[in-house]
Amino acid sequence: MSSLNAQNGLSPSPGNGDFSRSPTFVSDEDVESSPRALDANATLTDLTAANGLNKEKALSVDEEHLPAQSTMGKVEAQMEKAGTAHPHHHKNALASLDPKRKGVLLLCFCLSMFIDAAGVSATFLMTAPIAEDLGVKTGDQAWILGTYSLAFAATLLFAGRLADLYPPHRVYTIGFIGIAIFYLIISFMENQYAFFVLRAISGLLAVLTIPSSINMIIQMYPDPAEQAKKLALFGMAGALANTIALVLAGIFLLANWRWYFRFITIIIAPFAVLAWFLMPRTEAVAEDLPGAAKLKRMDLGGVVILIACLVLFILGFTQAAVDGWDAPIFYVPLVVSIVLLGVFFVWERFMPRGYSLLPHDMWQFPNIFPLILQASAIFMWFACAQLRIATYFQEALGNSAILTAAKLLPMGITALFVGTSTQAMPWLITKPRFVQPVASALCFAGSMLFAFSKGGSGKDYWRFMFPGQIIGTAGGMIVFIGMNTSIIQAFPLEFAGVGGSFANIIFQVGGVIGISVQAGLINTGNGTIEDWTGSKNSYFFTGAYILFTGIVFVAWYRQSKMPKYDGPVVAA
């Protein structure tokens with residue numbers, strides 16, 4: 001995906017991947033007086049007229065759509081010829097920073113991404129000791145992870161909207177500092193219900209850092225090629241957390257699970273201070289709008305509907321792993337969530353552009369469907385691989401938490417190596433049509449090795465589990481980083497934060513479904529923890545699904561649909 005649209009507020013014309021200039025956030029008066037100003041396919045005539053230009057001058061500029069590969073300079077030149085400048089022309093404070101300062105800020109952004117993702121993966125190892133310490137019943141243990149992931153996933157798009165409407169540096173610092181404070185409080189909790197509530201609050205704070213980081217990375221690195229590399233680094237931080245966080249959790253479990261949360265606070269504190277002092281004041285995309293107008297564009301109705309939809313969806317699949325697929329607690333929330341999803345899309349359809357939570361023309365973005373399908377598979381693959389293996393090592397084989405983490409270390413080392421390689425070989429991310437299916441095939445191969453490993457006991461660990469971790473993780477890293485970067489760059493600037501949030505929602509939903517399906521398939525064995533039959537079936541499922549998405553991707557995705565650019569795009 002290219003970032004011209006992300007930098008200049010360009011949106012794709014229906015069905016062809018071309019880009020035409022569309023307004024970012026227009027005024028309430030424009031909404032009422034000029035409906036065409038909200039049209040994603042508006043011509044330059046429409047836009048100049050909507051912003052108060054003389055009609056005759058506007059007509060002399062352009063009667064047709066702007067060319068597909070128009071850059072900001074061409075648009076500005078034409079508007080200047082008509083006698084006006086662009087109405088939302090702001091200085092990009094982040095792009096003008098010196099490289100060292102940019103590097104430190106990028107490190108802060110990547111750290112927040114790592115910690116947010118680690119909030120899920122580290123819990124895989126810590127669930128049992130937390131439940132024992134706080135007296136959580138077996139049927140409620142799913143909520144040790146569920147309270148965080150539910151709050152995180154359900155509010156992602158809302159956080160993305162905040163980062164687009166308000167200065168992203170403020171949104172980021174509130175979330176980053178808040179994580180440090182609440183993780184410290186959590187480490188002293190003795191009551192399970194207080195723990196659940198605080199974990200949910202920490203998820204709400206963690207989610208603020210994702211879209212705001214993406215928004216600022218896009219501003220900080222306006223050149224498309226460099227931007228793609230930095231977004232890949234950001235995505236790599238999340239993928240590394242899926243593996244390395246297990247090792248960190250295992251180390252701290254030698255003492256107590258509480259020290260993991262205290263360690264995170266100790267790590268965040270100095271970086272939060274650095275970010276506070278090094279981050280310049282950034283302007284929101286809708287900087288010119290007054291507070292009341294921004295509130296209207298929060299799309300609170302859409303936010304409430306979507307949060308209810310995601311909460312019920314995650315609730316149903318979480319409880320299905322405990323109560324079974326035929327339990328009302330599974331199918332009732334699922335049915336209601338599907339209905340609410342339909343209501344959400346209808347609601348969004350009738351919201352004017354600039355007021356809706358998602359772009360009206362999102363479904364017409366080039367290749368958006370194969371991107372979403374491929375993205376839905378990767379958290380499913382990682383979560384199912386790690387959760388079942390970590391649980392089996394500890395409960396069936398009697399391994400300690402630190403030994404379990406050590407046996408999963410090949411995933412972390414491979415993730416670091418492959419993630420770093422994407423910087424030296426950017427074509428792994430920028431040429432996805434054939435790279436992504438190969439990566440899916442590697443994940444499939446890893447799943448098959450897990451399936452036939454018999455739990456990785458004795459020599460089977462080195463024959464099956466060890467190579468499976470390396471091969472599968474190599475493919476998984478490429479899928480994750482590639483899809484994260486491509487989906488983010490598919491969205492125009494006024495939806496930059498929402499674009500990153502949308503990608504993460506797809507990841508999270510895929511992971512929730514995968515874990516629930518795996519829990520159901522595990523019961524296809526004899527029901528004992530030592531039996532590997534159900535685990536084998538679950539790896540058949542996840543391997544087959546990611547191979548299917550890879551095949552669909554190579555058949556559907558077309559690189560030729562993507563816009564091409566003559567040079568770097570400089571943010572205004």
Side-chain angles (χ1 to χ4, degrees), residues 116-117 119-121 123-124 142-143 145-160 200 203-204 206-207 210-211 235 238-239 242 302-303 305-321 325 330-331 333-345 348 357-358 362-363 368-387 440 443 476 479-480 483-484 486-488 490-491 498-520 538 541-542 545-546 548-549 552-553:
D116 292 352
V120 174
S121 55
T123 311
F124 292 159
W143 292 108
L145 171 61
T147 48
Y148 178 90
S149 58
L150 189 151
F152 186 88
T155 55
L156 268 166
L157 276 182
F158 177 62
L204 294 174
V207 79
I210 300 295
N242 289 327
V303 167
I305 296 170
L306 185 62
I307 288 177
C309 170
L310 291 171
V311 166
L312 289 171
F313 183 86
I314 295 171
L315 170 66
F317 274 95
T318 299
Q319 288 302 120
W325 297 92
F330 163 65
Y331 59 76
L334 178 62
V335 170
V336 175
S337 70
I338 293 173
V339 172
L340 286 176
L341 183 63
V343 172
F344 171 74
F345 284 126
E348 292 294 288
L357 201 58
L358 292 172
M362 184 186 75
W363 304 114
I368 191 66
F369 287 105
L371 288 173
I372 291 173
L373 188 65
Q374 180 77 338
S376 70
I378 190 54
F379 263 38
M380 178 184 293
W381 189 89
F382 269 119
C384 291
Q386 294 168 338
L387 179 59
S440 291
C443 291
V479 173
F480 178 78
M483 292 302 95
N484 191 57
S486 295
I487 292 176
I488 289 170
F491 281 70
V498 169
S501 298
F502 182 78
N504 276 276
I505 285 178
I506 302 301
F507 295 146
Q508 296 288 335
V509 168
V512 168
I513 294 175
I515 290 175
S516 301
V517 171
Q518 184 181 58
S538 73
F541 168 75
T542 55
Y545 182 73
I546 199 166
F548 165 74
T549 63
V552 171
F553 193 90

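Source: prediction; values computed, not measured.
Between the side chain of Ser486 and the main chain of Met483, no donor-acceptor pair closer than 3.5 Å is present. Panel note: side chain Tyr331, backbone Gly316; no donor-acceptor pair is recorded below 3.5 Å. The main-chain N or O of Ile546 is never found under 3.5 Å from a side-chain atom of Trp381 such that the two would form a donor-acceptor pair. A donor-acceptor contact shorter than 3.5 Å links the side chain of Gln518 to the backbone of Cys384.
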- Message: As a quick check of understanding, evaluate side chain to side chain contact (heavy atoms under 4.5 Å, CB included) for Phe313 and Val336, giving each step before the final call.
- Response: CA-CA 8 Å; Phe313 183 86; Val336 175; over 6 Å; no

- side chain to side chain contact (heavy atoms under 4.5 Å, CB included) between Ile513 and Phe379, intermediate numbers included: CA-CA 10 Å; Ile513 294 175; Phe379 263 38; over 6 Å; no

- Task: Please assess Gln374 against Ser440 for the test side-chain hydrogen bond (donor to acceptor under 3.5 Å, both in side chains), listing each intermediate value before the final yes or no.
- Result: CA-CA 9 Å; Gln374 180 77 338; Ser440 291; 3.0 Å; yes

- Check against side chain to side chain contact (heavy atoms under 4.5 Å, CB included), Phe317 and Leu334: CA-CA 8 Å; Phe317 274 95; Leu334 178 62; 3.7 Å; yes

- Step-by-step side chain to side chain contact (heavy atoms under 4.5 Å, CB included) determination, Phe158 to Ser501: CA-CA 8 Å; Phe158 177 62; Ser501 298; over 6 Å; no

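Side chains of Asp116 and Val207 form no contact here, defined as non-hydrogen atoms less than 4.5 Å apart. Residues Phe507 and Ile378 form a side-chain contact, since some pair of their non-hydrogen atoms from C-beta on lies under 4.5 Å apart. In this structure, the side chains of Phe382 and Val479 stay at 4.5 Å or more apart for every pair of heavy atoms. For the pair Val509 and Leu310, the minimum side-chain heavy-atom distance is below 4.5 Å.
For the atom pair Cys309 SG and Phe345 CZ, the distance stands at 8.5 Å (nearest 0.5 Å). Put simply, CG on Leu340 and CG on Leu306 are 9.5 Å apart, with the number rounded to the nearest 0.5 Å. Put simply, CZ on Phe152 and CD1 on Ile314 are 11.0 Å apart, with the number rounded to the nearest 0.5 Å. Between the OG1 atom of Thr155 and the CG atom of Leu204 there is a distance of 5.0 Å, given to the nearest 0.5 Å. The CG atom of Asn504 sits 6.0 Å away from the CG atom of Asn484 when rounded to the nearest 0.5 Å. Note that the CH2 atom of Trp143 and the CG atom of Leu315 stand 4.5 Å from one another [nearest 0.5 Å].
Taking the six-membered ring wherever Trp is involved, the centroid distance between the rings of Phe369 and Trp363 falls below 6.0 Å.
Minimum heavy-atom separation, Tyr148 to Ala206: OH-CB, 3.5 Å. In plain terms, the two heavy atoms of Ala151 and Ala200 that are nearest each other are CB-O, 3.4 Å. Taking each heavy atom of Ala375 and Ile487 in turn, the nearest pair found is CB-CD1, 3.9 Å. Residues Thr549 and Ala377 share a closest heavy-atom pair of OG1-CB, 3.8 Å. Counting all heavy atoms, side chain and backbone alike, Ala154 lies closest to Val311 at CB-CG2, 3.9 Å. Scanning both residues, Phe502 and Leu157, for their nearest heavy atoms gives N-CD2, 4.0 Å.
Residues satisfying the side-chain hydrogen bond (donor to acceptor under 3.5 Å, both in side chains) test with Ser121, not counting sequence neighbours, are none.
Remark: Phe548 CZ is loosely packed, at most 12 non-hydrogen atoms of other residues, nucleotides or ligands lying under 6.0 Å away.
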